[in-house]
Participant: 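Structure provided below as structure tokens; questions to follow.
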Amino acid sequence: MLELREIECLITLSEQLHFGRTGSKLRISQSRVSRMLRDAEQKVGGQLFDRSSRHVRMTALGKLLIDRLRPLYEELNEAYADAVALSRGTAGTARLGFTGAAGGGYAARLIRTARICAPECQVVLREVPCGDFLGPLRRGEVDVLVARLPLNEADLTVGPVLGTERRVLAVALDHPLAQRSFVHIEDIADETIFRLASTAPGYWQDHQVPRVTPAGRTMRLGQEVQTCQEILSLTAAGQGVAPLAESVARYYAQPDVAFVPIRDLPATSVALIWRTAEENARIRALAYCGRQIGGEQGVPDSVLAWKPALKELTRPRG
């Protein structure tokens with residue numbers, strides 16, 4: 001089996017194609033480079049480099065071996081460097097914002113993963129109002145936010161997607177659409193829909209609750225609402241219907257409200273968001289944890305097995 005130092009020597013020699021320069025880069029003598037190459041060739045059982053007084057070239061066998069070794073060697077170095085950075089750069093507190101029970105579910109899974117991947121980082125939860133979910137982030141009241149997409153704001157970074165959900169229509173149990181296996185957005189063009197009273201960008205609101213159907217019919221807007229509970233209470237009372245994310249049906253299930261899949265509305269995704277100018281090691285650690293979750297329930301095996309892949313953790317942005 002090749003030793004790590006021999007692998008490093010082979011890779012460096014393949015780049016420099018010169019024994020002297022290879023020795024200088026590795027801070028060893030030229031004769032030591034020659035000895036390590038001979039030892040490696042003896043272990044492999046074949047010649048890895050053609051060398052003469054005029055040139056050094058990889059053989060076909062050498063190229064095959066080094067091309068396979070190079071990514072493994074780089075991954076090993078990155079894993080070590082990232083593990084060191086993780087242990088040294090994430091100590092402190094990160095304030096994690098979320099909205100509603102569904103956002104809290106994503107936040108809870110993120111915290112569970114962070115306890116394993118970044119134990120030095122203390123995550124403090126803060127629920128933020130649905131109607132002003134970006135406000136606390138921009139005011140510095142939270143460091144990272146679990147938020148629904150789309151978001152395309154110049155001052156914010158959209159991090160890993162934690163999950164993607166189908167869209168469902170909340171209707172009163174006695175509504176004619178309640179018995180359908182699915183609906184299309186055109187089916188509700190004549191219904192009253194509720195719109196969240198929000199400071200969020202207009203494009204974000206239109207994605208959550210479209211004002212116009214694909215056929216160009218304008219939706220009839222009902223009462224502005226502040227919370228999911230208000231939406232479902234009004235829906236149960238027969239005051240209108242509500243396009244919602246699928247997770248709302250799990251966290252806010254009510255006996256007098258049915259949730260019917262909407263076939264032609266795009267899915268809605270949830271991601272981590274933070275202020276670009278304030279990014280730091282703790283935020284990058286949470287972003288790494290978010291990539292491990294990917295919307296799955298519980299802590300994934302890849303995290304429990306601790307396979308570091310934290311290259312993003314220490315790389316500065318901007």
Side-chain angles (χ1 to χ4, degrees), residues 1-91 113 116-120 157-161 276 279-294 296 299-318:
M1 179 69 68
L2 294 176
E3 297 179 2
L4 183 61
R5 190 62 168 167
E6 291 171 338
I7 294 173
E8 183 180 32
C9 180
L10 292 176
I11 291 173
T12 305
L13 184 57
S14 73
E15 296 168 347
Q16 301 297 323
L17 295 177
H18 190 280
F19 283 82
R21 290 195 297 269
T22 298
S24 297
K25 190 164 185 179
L26 297 179
R27 297 184 179 181
I28 59 176
S29 67
Q30 183 173 329
S31 61
R32 177 62 177 153
V33 173
S34 297
R35 285 197 302 272
M36 282 198 289
L37 175 56
R38 286 196 302 269
D39 290 343
E41 289 178 330
Q42 185 176 6
K43 291 177 180 179
V44 172
Q47 189 174 359
L48 302 176
F49 286 84
D50 286 325
R51 55 266 201 195
S52 69
S53 60
R54 291 186 305 224
H55 69 261
V56 177
R57 296 174 183 166
M58 279 190 291
T59 64
L61 177 62
K63 186 176 188 310
L64 175 66
L65 177 64
I66 292 170
D67 285 350
R68 294 284 298 276
L69 289 176
R70 192 188 310 276
L72 299 176
Y73 177 75
E74 291 174 352
E75 184 176 354
L76 179 63
N77 280 333
E78 289 173 0
Y80 174 74
D82 291 337
V84 171
L86 182 65
S87 66
R88 296 177 180 174
T90 61
T113 306
I116 297 171
C117 292
E120 296 83 4
T157 294
V158 177
V161 172
T276 303
E279 182 178 310
N280 56 39
R282 289 184 292 278
I283 291 175
R284 290 192 289 273
L286 289 181
Y288 167 73
C289 294
R291 286 192 291 274
Q292 306 313 299
I293 294 171
E296 295 295 331
V299 180
D301 292 340
S302 60
V303 175
L304 294 174
W306 181 242
K307 181 181 179 181
L310 310 177
K311 186 175 183 179
E312 293 290 319
L313 191 61
T314 57
R315 182 171 66 85
R317 302 294 179 92

Participant: Determine whether a donor-acceptor pair (N or O, by modelled atom type, separation under 3.5 Å) exists between the side chain of Gln47 and the backbone of Phe49.
Facilitator: yes
Participant: State the CD-CG distance between Glu41 and Leu2, to the nearest 0.5 angstrom.
Facilitator: 11.0 Å
Participant: Gly46 and Leu61: which non-hydrogen atoms are nearest, and at how many Å?
Facilitator: CA-CD2, 3.8 Å
Participant: Would you mind reporting whether Leu76 and Leu4 have side-chain heavy atoms less than 4.5 Å apart?
Facilitator: yes
Participant: Is there a side-chain contact (heavy atoms from CB on, under 4.5 Å) between Leu37 and Cys9 once you walk through the steps?
Facilitator: CA-CA 8 Å; Leu37 175 56; Cys9 180; 5.6 Å; no
Participant: Are Glu74 and Arg70 side-chain neighbours, meaning at least one heavy-atom pair lies under 4.5 Å?
Facilitator: yes
Participant: For residues Asp50 and Val56, determine if any side-chain heavy atom of one lies less than 4.5 Å from a side-chain heavy atom of the other.
Facilitator: no
Participant: Can you tell me how far apart CG (Leu72) and CG (Asn77) are? Round to the nearest 0.5 Å.
Facilitator: 11.5 Å
Participant: Within a 6.0 Å radius of atom CZ on Arg35, are there more than 12 heavy atoms belonging to other residues, nucleotides or ligands?
Facilitator: yes
Participant: Considering non-hydrogen atoms only, spot the tightest contact between Val44 and Leu65 and give its length.
Facilitator: CG2-CD2, 3.9 Å
Participant: I need the Tyr73 OH to Ile7 CD1 distance, nearest 0.5 Å.
Facilitator: 9.0 Å
Participant: With a 4.5 Å heavy-atom cut-off, do Val161 and Arg291 have their side chains touching?
Facilitator: no
Participant: Taking all heavy atoms of Gly20 and all of His18, pick out the closest pair and write down the distance.
Facilitator: N-ND1, 3.0 Å
Participant: To the nearest 0.5 Å, what is the distance between CG (Leu17) and NE2 (His55)?
Facilitator: 10.0 Å
Participant: Do Leu26 and Glu8 come close enough that some side-chain heavy atom pair is under 4.5 Å?
Facilitator: yes
Participant: For a quick test of reading the model, state the closest non-hydrogen atom pair linking Ile66 to Met58 and the distance between them.
Facilitator: CD1-SD, 3.7 Å
Participant: Can you run down the side-chain hydrogen bond (donor to acceptor under 3.5 Å, both in side chains) pairs that involve residues 20-29, sequence neighbours left out, and say none if there aren't any?
Facilitator: Ser29-Ser31
Participant: Looking at every heavy atom in both Ala285 and Ala118, which two are closest together, and how far apart are they?
Facilitator: CB-CB, 4.1 Å
Participant: Has Ser52 got a side-chain atom pairing as donor or acceptor with Arg54's backbone, closer than 3.5 angstrom?
Facilitator: yes
Participant: Of Lys43, Arg32, Arg38, which is the lone residue that meets salt bridge (charged side-chain N to carboxylate O under 4.0 Å, His left out) with Glu6?
Facilitator: Lys43
Participant: Using side-chain heavy atoms (C-beta onward) and a distance below 4.5 Å, is Ile28 in contact with Met36?
Facilitator: yes
